[in-house]
Amino acid sequence: MTGVWKRVMVKLSGEALMGETTHGLHAETVERIAKDLALAASDGTEVAVVVGGGNFFRGIQGADKGIERARADSIGMLATVMNALALEQAIESQGQPARALSAVAMPSICQPYSRQAALNHLAKGRVVVLAGGVGHPFFTTDTGAALRAAELSCDLIMKATQVDGVYSADPKKDPHAKRYERITHDDAIAQNLAVMDTAAFALARENAIPIAVFELKKPESITTALKGQGRFTLVVPR
Ligand code: UDP
């Protein structure tokens, strides 16, 4: 797929950064992912990343413990900023320039997100790491990824998961789950397949953005998928 996808949006969950541990950041895992992102960018692909925060905090968990949902989501958004800063550092340590931009303004720590700034960094070959999701409570970073992919005219959303594609059921629970090599947005919705959360998926569908669903476990998973190699499901408009 190299050459086909000029600009991509990679969605990483916070959990992807914690490796086999139970929370927080796992240095070797962050380094492995950063290496992969740096390689993709140095190969000439414009790479934007939206990072989640579930390895530190999710709003819904806080709300369950009595924190107002909007306030708990603010804590969740702050968690994504921690991950973005760690990733920015790790990518730069690979010798590839990177910039963390936050949808929640905190200019003493990183640049506030603006479309122009992000496009400018991408044009200069910097990996853009987007924190804060959409910048408002009651959203997720999946939706942030789909929104920014649309805003930044990304050719592809790369949704990193724990399995190698989209299945008819959870393959970890159902041994008969069918794996799709390719499926349309419409069919995924009709079959109620959980590719991304509903708001995110609706945005991707409305803007006809393909989604590659792939497993992040192995080194160079991102660059391998970008070359059209390895196993992934491609969700396509038609
Ligand atoms: N969040 C939010 N608005 C957004 C994106 C995220 O309020 O636009 C909060 C929300 O509380 C969420 C947390 O940040 O639970 C972490 O994001 P997410 O759950 O998407 O992270 P992931 O599951 O990808 O690690």
Side-chain angles (χ1 to χ4, degrees), residues 5 8-20 22-23 33 48-64 69 72-73 76-77 79-80 83 130 132-134 136-150 154-218 221-222 224-226 230-238:
W5 313 110
V8 298
M9 168 61 66
V10 181
K11 166 66 210 301
L12 296 177
S13 70
E15 284 177 359
L17 304 179
M18 70 186 193
E20 299 299 315
T22 53
H23 68 279
I33 295 169
V49 183
V50 162
V51 67
N55 54 328
F56 287 116
F57 197 87
R58 283 203 180 89
I60 201 90
Q61 294 162 348
D64 286 346
R69 175 66 192 268
D73 278 342
M77 286 188 269
T80 71
N83 285 333
L130 299 168
V134 307
H136 297 283
F138 300 98
F139 285 98
T140 66
T141 52
D142 266 10
T143 306
L147 176 66
R148 299 304 184 218
C154 293
D155 306 310
L156 177 71
I157 297 172
M158 302 186 74
K159 162 84 175 161
T161 68
Q162 294 180 10
V163 288
D164 58 356
V166 178
Y167 284 78
S168 57
D170 183 348
K172 291 188 173 159
K173 292 181 190 150
D174 181 352
H176 302 295
K178 175 178 177 249
R179 182 180 167 280
Y180 298 94
E181 196 64 31
R182 205 177 167 94
I183 187 166
T184 62
H185 292 83
D186 287 343
D187 285 346
I189 288 177
Q191 293 176 48
N192 213 8
L193 303 177
V195 180
M196 299 178 90
D197 66 55
T198 316
F201 199 75
L203 265 171
R205 179 190 180 211
E206 263 170 45
N207 293 285
I209 309 172
I211 308 168
V213 181
F214 68 106
E215 191 179 13
L216 190 65
K217 244 193 208 137
K218 296 187 194 122
S221 308
I222 299 165
T224 303
L226 265 177
R231 279 161 69 84
F232 58 88
T233 296
L234 200 58
V235 184
V236 287
R238 68 185 76 79

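As the structure is a computational prediction, the values presented were derived from the model and not from experiment.
Within the 4.5 Å cutoff, the side chain of Val8 has no heavy atoms near those of the Asp155 side chain. Within the 4.5 Å cutoff, side-chain heavy atoms of Leu17 are placed close to those of Val51. In this structure, Ser168 and His176 have side chains that are not in contact, with every pair of non-hydrogen atoms separated by 4.5 Å or more. Contact annotation: the side chain of Pro210 approaches that of Trp5 to within less than 4.5 Å [non-hydrogen atoms, C-beta and beyond]. Contact annotation: the side chain of Thr22 never approaches that of Asn55 to less than 4.5 Å [non-hydrogen atoms, C-beta and beyond]. Inter-residue side-chain proximity for Ile60 and Arg69 is flagged as met; some heavy-atom pair is nearer than 4.5 Å.
Between Thr224 and Ser221, the side chains place no donor N or O within less than 3.5 Å of an acceptor N or O (distance only, hydrogens not considered).
The environment of CG in Asn192 is sparse: at most 12 heavy-atom neighbours from other residues, nucleotides or ligands sit within 6.0 Å. Applying the 6.0 Å contact sphere to CZ of Arg182 captures no more than 12 heavy atoms from other residues, nucleotides or ligands. For CZ of Phe139, the number of neighbouring non-hydrogen atoms (other residues, nucleotides, ligands) closer than 6.0 Å is 12 at most.
Atom CG of Leu234 and atom CG of Leu156 lie 6.5 Å apart (nearest 0.5 Å). The CG atom of Asn207 sits 9.5 Å away from atom NE2 of His185, with the distance rounded to the nearest 0.5 Å. The distance from the CZ atom of Arg148 to the CG atom of Leu203 is 11.0 Å, given to the nearest 0.5 Å. Taking OG1 of Thr141 as the reference point, atom CG of Leu12 lies at 9.5 Å (rounded to 0.5 Å). Going from atom CZ of Phe232 over to atom CE of Met158 covers 7.5 Å, rounded to the nearest 0.5 Å. His136 contributes atom NE2, which lies 12.0 Å from atom CG of Asp73 (distance to the nearest 0.5 angstrom).
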Inset, instruction - Could you give me the CA-CA distance, side-chain angles and deciding distance for Gln191 and Ile183, then say whether side chain to side chain contact (heavy atoms under 4.5 Å, CB included) is met? - result: CA-CA 11 Å; Gln191 293 176 48; Ile183 187 166; 4.2 Å; yes
Inset, instruction - Step by step, work out the side chain to side chain contact (heavy atoms under 4.5 Å, CB included) result for Tyr180 and Leu193. - result: CA-CA 11 Å; Tyr180 298 94; Leu193 303 177; 3.6 Å; yes
Inset, instruction - Please step through side chain to side chain contact (heavy atoms under 4.5 Å, CB included) for the pair Val235 and Thr184, ending with a clear verdict. - result: CA-CA 5 Å; Val235 184; Thr184 62; over 6 Å; no
Inset, instruction - Begin with the C-alpha distance, continue with both residues' side-chain angles, and end with the deciding distance and a verdict on side chain to side chain contact (heavy atoms under 4.5 Å, CB included) for Ile209 and Met9. - result: CA-CA 10 Å; Ile209 309 172; Met9 168 61 66; over 6 Å; no
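Nearest approach of Pro171 to Ala177, heavy atoms of both residues: CA-CB, 4.0 Å. Closest heavy-atom contact between Ala204 and Ala146: N-CB, 4.4 Å. Residues Ala72 and Ala63 come closest through the heavy atom pair CB-N, 3.9 Å.
Asp142 and Lys159 are joined by a salt bridge, as a carboxylate oxygen and a charged side-chain nitrogen come within less than 4.0 angstrom of each other. Salt bridge absent: Glu20 and Lys217 never bring a charged side-chain N and a carboxylate O closer than 4.0 Å.
Aromatic pair Phe56/His23: centroids not less than 6.0 angstrom apart.
Applying the salt bridge (Lys or Arg N to Asp or Glu O under 4.0 Å) test to Arg179 and every residue at least two apart in sequence or in another chain returns Asp164, Glu181. Residues forming a side chain to side chain donor-acceptor pair (under 3.5 Å) with Thr80 (at least two apart in sequence, or on another chain): none.
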